[in-house]
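Everything quoted here is computed from the prediction, not taken from an experiment.
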Amino acid sequence: MGEFRVHHIRFFNYQPLAIHCIDYNKEFNRVAVSRSDASIEIWSIGDDWYQEKIIPGSESRSVEAICWQGLRLFSAGLDGNVTEYDLKKLKPKELAPSNAGPIWCLCKCATQQLLAAGTEDGCVVVFSTQDDSLMYHQAFDKQEGRILSIAWHPTEDLIVTGGVDNIRIWSINSGHAIQRLTLGRQERNKETIVWCVAVTSDFTIISGDSRGKTSFWNGKQGTLIKTYQSHKADVLCLTLNEEENKVYTSGVDPSIVAFEYTPANIESDWKLWVKSDVYHFHTHDVRDLVVAGDKIVSGGVDTNLVVAMAKETKGIKHRRKYAGFPSYSMVKVASEAKVVMLQYANYLEVWKLGHTTKNSDKSGEILPLMSKPIKLLQLKTKDSERIVCCAINKTAEYLAYSDQDTVKIYSLSMDNQYAMTPQVTLKKVKSKSSLSPAHRMQFSHDGRSLITVTDSTEIQAISLEDNEAVITATIPPLSDDVDSVHLLCVSPDDTMVCLADHTRSILIFNLTKQQIHCRLPRYRCQATAVCFNADGSNLLIAYADQKIYEYNLETEEYTTWCKQTCLKYPKQWLTRHSKIINIQQHPNDQNKIIFHDEQMLCVLDKSQRFPPVEAPLFSYSAWQHQDKIPSSTAFHISSKYKFLLHLEAIKDNWLVAVERTPLTLTESLPPTLKEKKFGT
């Protein structure tokens, strides 16, 4: 792959955010993950843990707890509201105030359409979700001190709450506390805070507290069964498996401790909760963890989502670690102007790339720059609104972004663009009519129109003439079951647009004729990246199972190459966990496909044979330095970069590679729990 010169960009200072809450939906086979900016991610387990949706956060909203109820998703936070989300429009749908101050915890009733929230004022507030609604139902008696954890008994009308120095058991029918369990203190003047509670069907209460202890209680008698000093600092979270025979705890001490409900001895029917295993997956505080089927899902301050396999006899053996980056590219390249636009949470940066006339035949050589990269502008959103998507045209004359309310378009002009400090002028493009908020957008290749997919799954074509934006076409949703669209691509001649949504549907729409050109066969998993080839005759699709398909738009069937290779991918290739973010045809060779994920870039040569199915492609132990695939096979891999957030080939044999190194991410994290080490 020494045929390219590379713009190696490391000035994109995107910082992944800490994970606050995690919840699993067995019916939907999804996991919801909230982060410190109140954004919520939806991960599809059936698509091999693909991050399919992101609900943007807001400065006016916090998320301290999330909860699935059927196919509905709720959250609660310090603004004192329970919020329901529209999973198609990816925004809040309905709010219900607690009228009892900030909310710290939230749980659902397994037998009724009810939610219970624990508040700062010491009240348990119950909300009704019947008939697709969300409304206040009742409030229990007020207690002294805030309620920080809550759990609903699986079958009985009882709620267990944890607070300061105590655990209370509440009757749903009366709204009164019927039992109080008192915890001891390690220091006389230091409160014991119960950060997490769970309750089993036989009314065993499990609690984790600020002393680092995990306790098991008899809820019927109100007595302590057993206490373990399981952690060296606060136990912030615990989770119970579906069979109710295993508990996992973690917290400020990031080790995950497993407990099992097991017979006291081989011949005895008497069972005890015993500490069974300790696992070390995280470097910083673990804020939440859940059991999702046969997997343990955890996350916290180190921003990584860890998915570990849990097997009854062997414990947790295999794990995946997903970095806290979005599944879509946050980098847009104006290829003709050699300008990049970087998307942050609430602002955009536009940079002019560095320039050199030097070349080299030596792979990896650093070429001297005649001009360094220059930051042309920073564009902040109004009231720090979160940016959902953005786009810039090839010549960098126009840029656009969408928040949750509208699309905003700007014209950009540069005087003396080859000077050390070019003069930049930014003007807002006016629009006579309201532009609907978009989930995805892309400029046409001629740069004179903007194509968006709205949060209602409509297609809008916006023409840009005389510094004015005019909606030239609004196409309604193209099917009844369409979900939010996560992939959008415009053909090179600007006549076709490809859309992919979360129902695993991919269709090609003809913008000129205003009609559907064709629908691709529905595949068994979601697409993660799409693009047209140079002449627009074929569509390249990368799927969540790591396979790449090629579809011909004229014959409306998969190409011969695709049919011949779709069953020949090496097994080791299909075991990769990182999803392909971006895919494109090689600018100078129609037989080569360039694509990348966070861990590597690859050139797939269609003119070469695939390696044998059982052939090893890379060594996981030496992944950072591995470029070992024989050159005679179709796969040409480079793992030089990590984390590779964007890679794109532009004219004159240049690649734009945007990297965020693990070291820069680690340096930005807060200090870890101090532990005394032997010999110090």
Check D501, D86, D483 against K53 for a salt bridge (charged side-chain N to carboxylate O under 4.0 Å, His left out) and give me the one that passes. D483
If I compare all heavy atoms of I22 with all of I19, which pair ends up nearest, and what's the gap? CG1-CG2, 4.0 Å
Between T214 (side chain only) and Y228 (backbone N and O only), is there a donor and an acceptor less than 3.5 Å apart? no
Tell me, with the steps shown, if T303 and L665 meet side-chain contact (heavy atoms from CB on, under 4.5 Å). CA-CA 9 Å; T303 76; L665 298 179; over 6 Å; no
Flag this pair as yes if the NZ/CZ of R146 is under 6.0 angstrom from the six-membered ring centre of W104 and inside a 45 degree cone about the axis; otherwise no. yes
Is there a donor in the side chain of D597 and an acceptor in the side chain of Q599, or the other way round, less than 3.5 Å apart? no
Restricting to pairs with a member in residues 155-171, which pass salt bridge (Lys or Arg N to Asp or Glu O under 4.0 Å), not counting sequence neighbours? D165-R185
So, are D47 and K579 salt-bridged, with charged N and O less than 4.0 Å apart? no
Min side-chain heavy-atom separation I45-Y24 under 4.5 Å: yes
Checking salt bridge (charged side-chain N to carboxylate O under 4.0 Å, His left out) between D48 and each of R524, R320, R576, which is the one that passes? R320
Closer than 3.5 angstrom, by distance alone: can the side chain of S98 be matched with the main-chain N or O of G80 as a donor-acceptor pair? yes
Main chain of H137, side chain of S128: is a donor-acceptor contact present, judged purely on distance under 3.5 Å? no
Is the shortest heavy-atom distance from the side chain of I172 to the side chain of I159 under 4.5 Å? yes
Mind listing the closest non-hydrogen atom pair of Y14 and Q343 along with its distance? CD1-O, 4.3 Å
Go through it in stages, so that I can follow the logic: the residues are Q15 and R660, the test is side-chain contact (heavy atoms from CB on, under 4.5 Å), and I'd like the CA-CA distance, side-chain angles, deciding distance and then a yes or no. CA-CA 9 Å; Q15 180 59 39; R660 192 85 167 100; 3.5 Å; yes
Is the Lys NZ or Arg CZ of K246 less than 6.0 Å from the centre of Y248's six-membered ring, within 45° of the axis? no
Compute the centroid of each ring, for F127 and then for F74, and state whether the two points are separated by less than 6.0 Å. no
Please confirm whether the backbone N or O of L238 pairs with a side-chain atom of T249, one donor and one acceptor, at under 3.5 Å? no
Check S250 against D253 and note the closest heavy-atom contact, atom names and distance. OG-O, 3.7 Å
Under 4.5 Å between any side-chain heavy atoms of C237 and W195, yes or no? no
Between D202 and Y261, is any pair of side-chain heavy atoms under 4.5 Å apart? yes
side-chain hydrogen bond (donor to acceptor under 3.5 Å, both in side chains) partners of S384, counting only residues at least two apart: none
Mind checking whether S60 and D79 have side chains closer than 4.5 Å, heavy atoms only? no
For the side chain of H153 and the backbone of V199, is there at least one donor-acceptor N/O pair under 3.5 Å apart? no
Could you go step by step and tell me if R72 and K93 meet the side-chain contact (heavy atoms from CB on, under 4.5 Å) rule? CA-CA 11 Å; R72 301 168 69 185; K93 179 182 178 182; 5.8 Å; no
Checking the side chain of W68 only, and the main-chain atoms of D23 only, is there a donor and an acceptor separated by less than 3.5 Å? yes
Using a strict 4.0 Å threshold on nitrogen-to-oxygen distance, state whether R35 and D37 make a salt bridge. no
Consider only side-chain N and O atoms of D131 and S133, and report whether a donor and an acceptor are under 3.5 Å apart. no
Any V252 side-chain heavy atom under 4.5 Å of H231 side chain: no
Can you confirm whether more than 12 heavy atoms, excluding those of E144, are under 6.0 Å from its CD atom? no
Main chain of S578, side chain of Q546: is a donor-acceptor contact present, judged purely on distance under 3.5 Å? yes
With side chains defined as the heavy atoms from C-beta onward, is the minimum distance between L272 and F216 less than 4.5 Å? no
Within the side chain of H282, is there an N or O that forms a donor-acceptor pair under 3.5 Å with the backbone of G300? no
Can you name the residues that form a side chain to side chain contact (heavy atoms under 4.5 Å, CB included) with K108, not counting sequence neighbours? C67, Q69, L115
Do F203 and I169 come close enough that some side-chain heavy atom pair is under 4.5 Å? yes
Stepwise side-chain contact (heavy atoms from CB on, under 4.5 Å) check, H486 with Y328: CA-CA 8 Å; H486 67 294; Y328 60 87; over 6 Å; no
Say whether, by atom type as modelled, one donor and one acceptor occur between the side chain of Y344 and the main chain of N13 under 3.5 angstrom. yes
Residues S210 and T192: side-chain donor-acceptor under 3.5 angstrom: no
